[in-house]
Amino acid sequence: MRLATWNVNSLKVRLPQLLAWLVRHHPDVVCLQETKLEDAAFPRDDLAKAGYAACFAGQKTYNGVAILSRAAPQEVSVGIPGFQDEQKRVIAATLDGIRVVCVYVPNGQSVGSDKYDYKLRWLEALTAWLKEELERHPQLAVLGDYNVAPEEADVHDPKQWEGQVLFSGPEREAFQRLLSIGLKDSFRLFPQPEKSFTWWDYRMNAFKRGMGLRIDHILLSEALARRCTRCVIDVEPRREARPSDHAPVIVELKP
DNA sequence: ATGGTAGAAACTCTA
C-alpha cells in the first residue's frame, strides 16, 4: 500500500501535473493541501476518470484539503473536533482499515504574530485530538504540510533559520509533543540523503540553490511504522514548469 | 536593509 502527501498550492493550476503524477506513482491514497477550491469546484470527475475517489473540505482562495483514494473513503470527518476554526485544514477518512488524517498546519507567518499564536494553539488541539484518535484507530497515518522543520538536518542553513518561523523552538517542541503521543516520522525510519527537503521558497531561486526545508511529513502509529518499508521525497514535480513550491512525500506499507 | 515569486482575486493578502 502506497500513501502520499502533496501541498499542491492550487489544485486548479496543478491538476494536470497531479494527474500525470498519479499515473507515474499509482498511490493508493493521496493527501492534498492548499487546494484553494470551494467544494463545488472540486475536480471530482477528472479524478474519478483517473481511478480515484475523493473527499474534500475547501474554501475560496486559501487552505483546503482533500484525500484521494482508490478505495471509497469511510467515516469521513472534517476539522479538529471541539476546535473552532473557519479555515479548512483537516480531513480524515478510513481506507483499507487505516485511519488517514490529512493536515495543513497553519504557516504562522512570523514568530510572535497572531498567526504564530494560532499555529501553536492549533498544534496543541491537533495533538490532543490525535491522542484520542490513536486509541480508537491503532492503524493511524497523519500526512500533510506541518510547516515545521523538526531538526537541524531538515533545514538547509540551521544558523540562518534559528528562531525563524517554521524552525523556531516552540514550533519544534510542539512537533515533538505530537510525536510523543506515539507517532513516528516515517522519513527518519530509514537512512536518507543529506539535504532532503520538501519545500523551497519560490523566491531567490531557492530550489536551484538547494535552499529548502523538510516541512511535509508522514507520521505513522507504531503499528503502521512496523509495516513501513520506504519513505521518499519525490523532487521531480518541483523541477517542472509552474511547479508547486512543495514536493510530494510517499510511504510504502507492507500488508 | 526587507526584497524576491506565485496564486487568487481584487487592486492586497497569504505563504
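Below, chain A is the first sequence line, B the second, and so on; all start at residue 1.
Because its NZ or CZ atom is not both nearer than 6.0 Å to the ring centre of A:F207 and within 45° of the ring axis, A:R239 does not count as a cation-pi partner of that residue. Judged by a 6.0 Å distance limit and a 45° cone about the ring axis, A:R214 is not positioned over the six-membered ring of A:F197.
DNA chain B is contacted by both A:T35 and A:G108; A:T35 maps to the nucleotide lying nearer its 5′ end (nearest heavy atom per residue). Annotation: of the two residues near DNA chain B, A:T61 and A:Q109, the 5′-most nearest-nucleotide partner is A:T61.
Straight-line distance between the P atoms of B:dT12 and B:dG3: roughly 15 Å, to the nearest whole Å. B:dA6 and B:dA1 have their C1' atoms separated by 23 Å, with the value rounded to a whole Å. Straight-line distance between the P atoms of B:dT5 and B:dA9: roughly 22 Å, to the nearest whole Å.
For residues 35-49 of chain A, the set of pairs meeting the side chain to side chain donor-acceptor pair (under 3.5 Å) definition, not counting sequence neighbours, comprises A:N9-A:K36. Listed by first then second residue, pairs satisfying ring pair (Phe, Tyr, Trp, His ring centres under 6.0 Å) with a partner in residues 124-143 of chain A number zero, not counting sequence neighbours.
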Show me, pair by pair, the donor-acceptor contacts under 3.5 angstrom made by side chains of residues 165-172 of chain A, not counting sequence neighbours?
residue	atom	partner	partner atom	Å
A:S168	OG	A:Y116	OH	2.7
A:S168	OG	A:E171	OE2	2.5
A:E171	OE1	A:K119	NZ	2.5
A:E171	OE1	A:L166	N	2.9
A:E171	OE2	A:L166	N	3.2
A:E171	OE2	A:S168	N	3.4
A:R172	NE	A:P150	O	3.0

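Remark: A:E240 engages no residue in a side-chain hydrogen bond (donor to acceptor under 3.5 Å, both in side chains) (not counting sequence neighbours).
Taking every nucleotide of DNA chain B with any atom under 4.0 Å from a non-hydrogen atom of chain A, the first and last of them, 5' to 3', are B:dG3 to B:dA15.
Scanning both residues, A:A141 and A:L3, for their nearest heavy atoms gives CB-CD1, 4.0 Å.
Residues from residues 197-209 of chain A placing a heavy atom under 4.0 Å of any atom in DNA chain B, listed by number, are A:Y202, A:R203, A:M204.
For the side chain to side chain contact (heavy atoms under 4.5 Å, CB included) test with A:Y118, the passing option among A:L123, A:D85, A:N107 is A:D85; the others fail.
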